[in-house]
> 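This is the structure I have questions about; it appears just below.
Sequence positions, counted from 1, serve as the residue numbers for this chain. In listed order, ligands and their atoms are each counted from 1. Side chains included, hydrogens not; waters and symmetry mates left out as well; all remaining heavy atoms used.
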Amino acid sequence: MNIQNYINGEFVNPIKNNWLDNYNPSIGEVYGQIPNSTKEDVENAYLAAAKAFSSWSNTTLEERSNILSKIAHLILEKLDVLAAAESKDNGKPISLAKQVDIPRAASNFQFFANAITQFSSESHESIGLNAVNFTLRQPIGVVGCISPWNLPLYLFTWKIAPAIAAGNCVVAKPSEITPMTAYLLGEICNEAGLPEGVLNIVHGLGSTTGQAIVAHPNIKAISFTGGTKTGAHIAKVAAPMFKKLSLELGGKNPNIIFADCNYDKMLETTVRSSFANQGQICLCGSRILVEEKIYEKFKKDFIKKVSELKVGNPSDNSTNIGAIVSAEHLEKVKSYIDIAEQEGGRILFGGNKVIIKNCENGYYLQPTIIEVTNNRCRLNQEEIFGPVVTLMSFKTDKEALTLANDTKYGLSATLWTNNLNRTMQFSKQLQTGIIWVNTWMLRDLRTPFGGQKDSGVGREGGFEALRFFTEPKNICIQYESPS
Ligand code: NDP
């Protein structure tokens with residue numbers, strides 16, 4: 001199936017008529033073409049957005065909220081079609097797309113449909129000076145949203161929904177590897193009555209299309225989710241133009257397990273936090289740190305549970321682990337497994353590619369567990385972003401904390417313990433933006449979401465996102481005293 005750019009409410013071919021292949025990773029075959037857009041296409045998208053801005057930014061909150069709600073409802077109505085498209089494009093199990101990706105995309109729109117009606121700004125009375133200050137929170141104008149391939153519609157809408165709720169118009173680019181559901185979103189927006197030009201979706205490569213969005217002098221804010229290296233490059237391009245930037249980047253998250261935890265719940269959740277979406281979630285706990293007392297027991301039980309996971313065709317309902325997103329990414333992930341031994345690691349389970357019947361050319365990999373003894377090894381320092389976790393033991397709280405913080409990343413951490421004092425000590429000292437205690441990936445969309453250190457700058461979610469997508473303007477009025 002071929003897809004087109006969505007500009008000014010219409011589906012159009014790229015100006016230069018260049019196209020890219022779109023692959024189905026479950027069978028390793030091209031199944032469609034997508035625009036290989038250039039800066040001329042981005043310019044057209046910008047012009048459509050700029051034209052729509054004055055009217056959209058003056059639309060009442062009620063109207064905006066209603067349109068966002070309609071989009072949310074339509075996403076849920078088309079859940080099966082969208083989930084099938086996401087699974088085919090990305091390789092993720094259909095069950096995951098149905099239970100997580102698509103419902104969450106709908107929730108993103110519904111959440112910001114509600115949040116914008118509750119968003120408020122501050123007022124400060126300057127007592128004794130006969131003055132009052134109030135702050136306007138005005139939309140920025142045309143903003144850019146760029147998202148990755150791992151949770152395609154989920155992360156794309158997580159940016160677009162707050163941007164348009166706040167009154168901005170958007171030029172957006174999904175990953176060229178997974179463009180399909182973004183394309184379908186354009187149709188949904190038209191059906192929901194989103195005015196033309198409010199959302200424009202341009203497909204293409206990061207290095208050309210993405211770059212053109214970031215470098216555009218009049219796109220004044222960029223919300224980006226992707227790799228740390230790309231984030232650093234975007235920051236360099238955007239800084240001289242003083243653009244507002246929100247960067248949600250990579251992670252190397254510790255999953256810290258103490259002997260006093262609820263063992264069964266921890267074990268079941270750890271299988272998920274290690275391998276959900278083939279381990280291709282920025283929040284996956286890829287470094288499992290286990291208290292020495294239960295290390296051997298955990299190792300045995302974890303290997304047994306992981307060996308029960310079914311690697312298979314993503315469209316099969318019983319599949320737990322689908323295909324890796326691309327041949328290139330499969331090779332990258334495999335290259336880390338291949339250096340395990342020279343890095344002092346020992347493969348406890350997995351490590352090999354898998355051939356699936358009737359999907360022989362698909363990109364499949366066993367869930368892989370590697371035991372390491374040194375946290376400074378590349379397996380524990382670099383983001384692998386695949387179905388690969390490492391195991392390491394620790395003796396004391398201090399050692400666990402030191403190991404957990406010993407990485408350049410600081411996105412999330414998971415802590416398993418029933419000790420309240422330890423929970424508080426770790427909560428205060430872990431250098432991450434998100435900490436889950438006795439759970440994983442339990443999300444409340446009102447909370448600030450993002451990372452510290454090389455995992456990003458700024459926070460998404462709730463009012464944080466609405467603050468990012470608005471410009472605060474303070475007005476100070478002095479009044480006369482009664483004579
Ligand atoms: P990339 O950084 O490669 O790409 C992310 C997006 O940026 C894609 O749309 C890509 O386009 C685009 N892009 C690439 N180069 C440029 C450029 N020069 N200018 C503008 N845009 C560009 O990341 P991946 O897609 O490989 O995603 C995986 C990464 O995302 C992992 O590091 C993961 O940790 C991170 N991530 C972070 C999350 C968080 O919330 N912190 C959540 C999910 C993922 P294209 O793909 O078409 O080249």
> Would you mind listing which atoms of ligand 1 come within a distance below 4.0 Å of any non-hydrogen atom of Leu249?
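Taking each heavy atom of Leu249 in turn, ligand 1 has 34 (O), 37 (C), 38 (C), 39 (C), 41 (N) under 4.0 Å.
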> For ligand 1, is any non-hydrogen atom under 4.0 Å from Glu383's backbone (N, CA, C, O), its side chain (CB onward), both, or neither?
side chain
> Looking at ligand 1, does Gly451 have a heavy atom less than 4.0 Å from it?
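Flag not set, Gly451 not near ligand 1.
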> Going by the atom numbers of ligand 1, which of them fall below 4.0 Å from some non-hydrogen atom of His233?
18 (N)
> Can you tell me which portion of Leu155 lies within the under-4.0 Å heavy-atom range of ligand 1? Options are side chain, backbone, both, or neither.
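Near ligand 1, Leu155 shows its side chain, while the N, CA, C and O stay back.
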> Please indicate whether Lys310 has more than 12 foreign heavy atoms, meaning atoms of other residues, nucleotides or ligands, lying under 6.0 Å from its NZ.
yes
> Is Leu411 touching ligand 1 with its side chain, its backbone, both, or neither, if touching means heavy atoms under 4.0 Å apart?
side chain
> Just need the protein heavy atom nearest to atom 15 (N) of ligand 1, so name the residue and atom and give the distance.
Thr230 CG2, 3.3 Å
> For atom 10 (C) of ligand 1, which of Lys173, Glu176, Lys332 has the closest heavy atom?
Lys173
> Side chains of Asn253 and Ser286 only: does a donor on one sit below 3.5 Å from an acceptor on the other?
no
> What are the atoms of ligand 1, with element, lying closer than 4.0 Å to any heavy atom of Ile234?
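Selected atoms, number and element: 19 (N), 20 (C).
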> Enumerate the atoms of ligand 1 whose separation from the nearest heavy atom of Ile146 is less than 4.0 angstrom.
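Contacts of ligand 1 toward Ile146, numbered from 1: 6 (C), 7 (O), 9 (O), 12 (C), 20 (C), 21 (N).
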> Just jot down the ligand 1 atoms closer than 4.0 angstrom to any heavy atom of Asn150, in number order.
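Once the distances to Asn150 are compared, the set is 43 (C), 44 (C).
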> Considering only heavy atoms of Gly227, which atoms of ligand 1 have at least one such atom less than 4.0 Å away?
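Contacts of ligand 1 toward Gly227, numbered from 1: 1 (P), 2 (O), 23 (O), 29 (C), 30 (O), 32 (O).
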> Are any of the side-chain nitrogens in Lys159 or Glu460 under 4.0 Å away from the carboxylate oxygens of its partner?
yes
> Any idea which atoms of ligand 1 are less than 4.0 Å away from a heavy-atom of Phe449?
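Reading through ligand 1 atom by atom, the close ones are 40 (O).
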> Pick one of side chain, backbone, both or neither for how Val214 approaches ligand 1, counting any non-hydrogen atom pair under 4.0 Å.
side chain
> Heavy-atom contacts with Gly210 under 4.0 Å: which atoms of ligand 1 show up? List them by number with element.
19 (N), 20 (C), 21 (N)
> When you measure from atom 35 (C) of ligand 1 to each heavy atom in Gly226, Gly250, Ala215, which option holds the nearest one?
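Shortest heavy-atom distance from atom 35 (C) of ligand 1: Gly226.
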> When rounded to the nearest 0.5 angstrom, what distance separates CG in Leu466 from CZ in Arg137?
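Output value for this atom pair is 9.5 Å.
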> Which is closest to atom 6 (C) of ligand 1 by heavy-atom distance: Gly231, Gly206, Ala238, Ser147?
Ser147
